[in-house]
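Let me begin by presenting the structure, written as structure tokens, before commenting on it.
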Amino acid sequence: MGLFNAILGNASEVSIENVSKEFEPILIDGEIIEKAYKVIKDMFIFTNKRLILVEKQLVGTKVDYMSIPYSSIKKFSKESAGILDMDAELKIWLKSEDTPISKQFGKGGNNINEVYKILSGHILK
């Protein structure tokens with residue numbers, strides 16, 4: 001079911017142990033990974049300090065690591081058309097940008113709600 005969910009764009013939780021070695025070189029002292037989610041090749045990495053968005057090219061080896069301090073997020077939203085909608089969208093607005101960062105999630109799981117809840121926990125302190 002994991003491959004099927006990935007094809008549909010559903011986020012699946014990734015074991016922290018599986019991503020720790022990959023992200024260890026970019027984490028600062030005292031920073032720990034709390035949760036990680038994968039959507040096809042892209043990832044959401046939640047640490048105790050920031051959100052790291054990872055975008056991997058479908059073809060090739062280029063990887064973009066975007067670090068977003070929680071304090072730089074001014075608002076965020078999740079959008080879907082309801083129960084019969086086949087996908088949902090997460091939008092994150094940064095204080096310095098007018099256009100949000102948008103990420104698509106497929107239906108078929110509660111992971112967009114989990115991601116939304118984690119963002120809420122860090123931003124609404």
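Owing to the predicted nature of the structure, the values given are computational and were not obtained by experimental measurement. When reading the values below, keep in mind they use all heavy atoms of this one structure, side chains included, and skip hydrogens, waters and symmetry mates.
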- Query: Which is it for K91 and E79 under the side-chain contact (heavy atoms from CB on, under 4.5 Å) test, yes or no, and what are the steps along the way?
  - Reply: CA-CA 8 Å; K91 294 180 183 178; E79 178 181 320; 3.7 Å; yes

- Task: Check step by step if salt bridge (Lys or Arg N to Asp or Glu O under 4.0 Å) holds for K78 and E89.
- Result: CA-CA 6 Å; K78 68 179 185 113; E89 183 176 18; over 6 Å; no

- Query: Quick check: does any side chain N or O of N48 sit under 3.5 Å from a backbone N or O of I32, one acting as donor and the other as acceptor?
  - Reply: yes

- Message: Please check: side-chain N/O of D42 versus main-chain N/O of K56, any donor-acceptor pairing under 3.5 Å?
- Response: yes

- Tell me yes or no: between the side chains of E114 and Y37, is some donor less than 3.5 Å from an acceptor? yes

- Item | Side chains of E97 and T99, donor plus acceptor under 3.5 Å | no

- Query: Is K74 atom NZ crowded by more than 12 heavy atoms from other residues, nucleotides or ligands, each under 6.0 Å away?
  - Reply: yes

When clusters are formed by joining ILVMFWY residues with side-chain heavy atoms under 4.5 Å apart, either directly or through shared neighbours, do [X] and [Y] land in the same one?
{"X": "I33", "Y": "M43", "answer": "yes"}
{"X": "L119", "Y": "I16", "answer": "no"}
{"X": "Y70", "Y": "W93", "answer": "no"}
{"X": "L53", "Y": "V19", "answer": "no"}

- Query: Which is it for E13 and K35 under the salt bridge (Lys or Arg N to Asp or Glu O under 4.0 Å) test, yes or no, and what are the steps along the way?
  - Reply: CA-CA 8 Å; E13 190 169 350; K35 287 278 190 174; 3.0 Å; yes

- Validation row: L51, I92 side chains within 4.5 angstrom (heavy atoms): yes

- Query: Can you tell if the side chain of M66 reaches within under 4.5 Å of the side chain of I101, non-hydrogen atoms only?
  - Reply: yes

- Query: Stepwise, does the salt bridge (Lys or Arg N to Asp or Glu O under 4.0 Å) test hold for E55 with K103?
  - Reply: CA-CA 11 Å; E55 292 185 7; K103 297 292 180 184; 2.4 Å; yes

- Residues passing the ring-ring contact (aromatic ring centres under 6.0 Å, His included) test with F76, sequence neighbours excluded, are Y116

- Item | CG-OG distance between L27 and S20, expressed to the nearest 0.5 angstrom | 8.0 Å

- When rounded to the nearest 0.5 Å, the distance separating CG of N18 from NZ of K38 is 9.5 Å

- Item | F46 to V115 - nearest heavy-atom pair and separation | CZ-CG1, 3.7 Å

- With sequence neighbours left out, write down each residue that passes salt bridge (charged side-chain N to carboxylate O under 4.0 Å, His left out) with E31, or none if nothing qualifies. R50

- Paired with F44, the side-chain contact (heavy atoms from CB on, under 4.5 Å) test is passed by just one of I52, I118, L90, V14, namely L90

- Taking only residues two or more places apart in sequence or in another chain, which ones pass side chain to side chain donor-acceptor pair (under 3.5 Å) with S96? none

- Do I73 and L94 pass the side-chain contact (heavy atoms from CB on, under 4.5 Å) test, and can you show the C-alpha distance, the side-chain angles, and the key distance before you say yes or no? CA-CA 5 Å; I73 298 174; L94 304 179; 4.0 Å; yes

